[in-house]
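Working notes for the structure below.
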Protein chains: 2
Amino acid sequence: MAANSRLTVAVHVLVWMALVRGRGRDVVTSEQIADSVNTNPVVIRRCLGELRRAGLVDVRHGAGAGWRLIREPESIPLSEVRRAVETEPLFGLHRGEPNQRCPIGAGIRPALEQVYGEVEEAARRALESTSIADVLRETLAPGER
Amino acid sequence: MAANSRLTVAVHVLVWMALVRGRGRDVVTSEQIADSVNTNPVVIRRCLGELRRAGLVDVRHGAGAGWRLIREPESIPLSEVRRAVETEPLFGLHRGEPNQRCPIGAGIRPALEQVYGEVEEAARRALESTSIADVLRETLAPGER
DNA sequence: TCTCGCTGTAACTGTGTCGGTTACACCTAA
DNA sequence: TTAGGTGTAACCGACACAGTTACAGCGAGA
């Protein structure tokens, strides 16, 4: 399958909010964000809903409604964004139960879970070392370190 | 999405082959492996075909046909198995092109590629530290270290 | 109190992947 | 020559995801 783009969209949303907040606009609409991501506002609202549940943004209703970033971009590591929008593990186990009368089928799943857990942890650490503010900086000034 | 199980199936196949080779059977059929994984022989053959292209197994045709492990289980890290059977990256970029007239849309993809590259490398290193022989050991004797 | 703009969510569609299955031509040791 | 297993195409159903339409709900401000 084409790897899914949920993390990419969520990071794009947050980076965009961090940018315009730096310009004084604090409340933005899903339509404005959708224009930058080049997708449908409902897709953005679905994503923002998950980010809200994770405590990264909040929403205001009524006239002048919209979304607001409620955490400092420096304090949002991508690992937290991933946790907010991604539920599936990187690697899946068997779809069906393997043959329990075979010593491999009976014992391989815990062995794989252990390895996959180490991989998840390594990926989490790698994502943790980059923040939304880092991505914003790199986006606006590529290669400057 | 339900995370795909290609890596799991490929590791199961190789671990099973390592087990039975230790018992003196060197040539095995897709049907025998399918019985342990509890799936269809064609699924196993598709997987074995990719492992063959990667140089991990080879195939014999004709009567008494079947597959043979041609590398030492100790020398096959899971990172190599993943490379053999998995083509998609862990995280995908935007499906459509983001808005190039927005500074974020115009610059975010290289920034994300850099981060995602670091994550891929971290995952690769984590998989590299475990071999097929390690998984076999852990499968047969869980927790013994 | 009414209006207006935007949210929240359900529902549906199109597309793509994946595992599973059938079918069959091909190969070669015995 | 035969028998057993491979290699691969073709098709299916299940499922995830992005995209889209539609509409009820909310509340700041007139």
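Numbered from 1 within each chain, the chains take letters A, B, ... in sequence-line order.
Shortest non-hydrogen contact noted between A:Asp134 and A:Ser129 is OD2-O, 3.8 Å.
Identified under the ring-ring contact (aromatic ring centres under 6.0 Å, His included) test for residues 68-98 of chain A, with sequence neighbours left out: A:Phe91-A:Tyr116, A:His94-B:His12.
Salt-bridge formation is detected for the pair A:Glu128/A:Arg124: a Lys NZ or Arg NE/NH1/NH2 atom is positioned less than 4.0 Å from an Asp or Glu carboxylate oxygen. A salt bridge links A:Glu72 to A:Arg21: one of the charged nitrogens lies within less than 4.0 Å of a carboxylate oxygen.
In the model, A:Arg45 has a side-chain atom that pairs as donor or acceptor with a side-chain atom of A:Ser30 under 3.5 Å.
Residue contacts shown for B:Arg46 include a base, since a base heavy atom lies under 4.0 Å away.
Of the options A:Leu14, A:Leu7, A:Thr8, A:Val13, a side chain to side chain contact (heavy atoms under 4.5 Å, CB included) to A:Val11 is made by A:Leu7 and by none of the others.
Proximity of residues 60-71 of chain B to DNA chain C (heavy atom under 4.0 angstrom from any strand atom) is restricted to B:His61, B:Gly62, B:Ala63. Within residues 25-43 of chain A, the residues having any heavy atom closer than 4.0 Å to DNA chain C are, in order of number, A:Thr29, A:Ser30, A:Val42.
Put simply, CG on B:Asn4 is 12 Å from C1' on D:dA16, counting in whole angstrom units. Distance NE2 (A:His12) to P (D:dA18): 15 Å, rounded to an integer number of Å. As a whole-Å value, the separation of B:Arg45 CZ from C:dC27 C1' is 13 Å. Whole-Å rounding puts the A:His94 NE2 to C:dC18 C1' distance at 16 Å. Atoms CG (B:Asp58) and C1' (D:dT6) sit 13 Å apart, rounded to a whole Å. In this structure, A:Ile44 atom CD1 and D:dT20 atom C1' are separated by 14 Å, rounded to whole Å. Rounded to whole Å, atom C1' of C:dG16 lies 11 Å from atom CD of B:Glu88. At whole-Å resolution of the value, CD in A:Glu50 and C1' in C:dG8 are 13 Å apart.
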**OP:** May I have the step-by-step check of side chain to side chain contact (heavy atoms under 4.5 Å, CB included) for B:Ile104 and A:Leu136, ending in yes or no?
**Re:** CA-CA 8 Å; B:Ile104 303 300; A:Leu136 175 57; 3.7 Å; yes
**OP:** Quick one: do A:Val9 and A:Thr39 satisfy side chain to side chain contact (heavy atoms under 4.5 Å, CB included)? Show the steps, please.
**Re:** CA-CA 10 Å; A:Val9 171; A:Thr39 184; 5.7 Å; no
**OP:** Please assess A:Ile33 against A:Leu48 for the test side chain to side chain contact (heavy atoms under 4.5 Å, CB included), listing each intermediate value before the final yes or no.
**Re:** CA-CA 10 Å; A:Ile33 305 176; A:Leu48 283 163; 4.0 Å; yes
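OP1 and OP2 of C:dC18 both lie 4.0 Å or more from every side-chain N or O belonging to B:Ser5.
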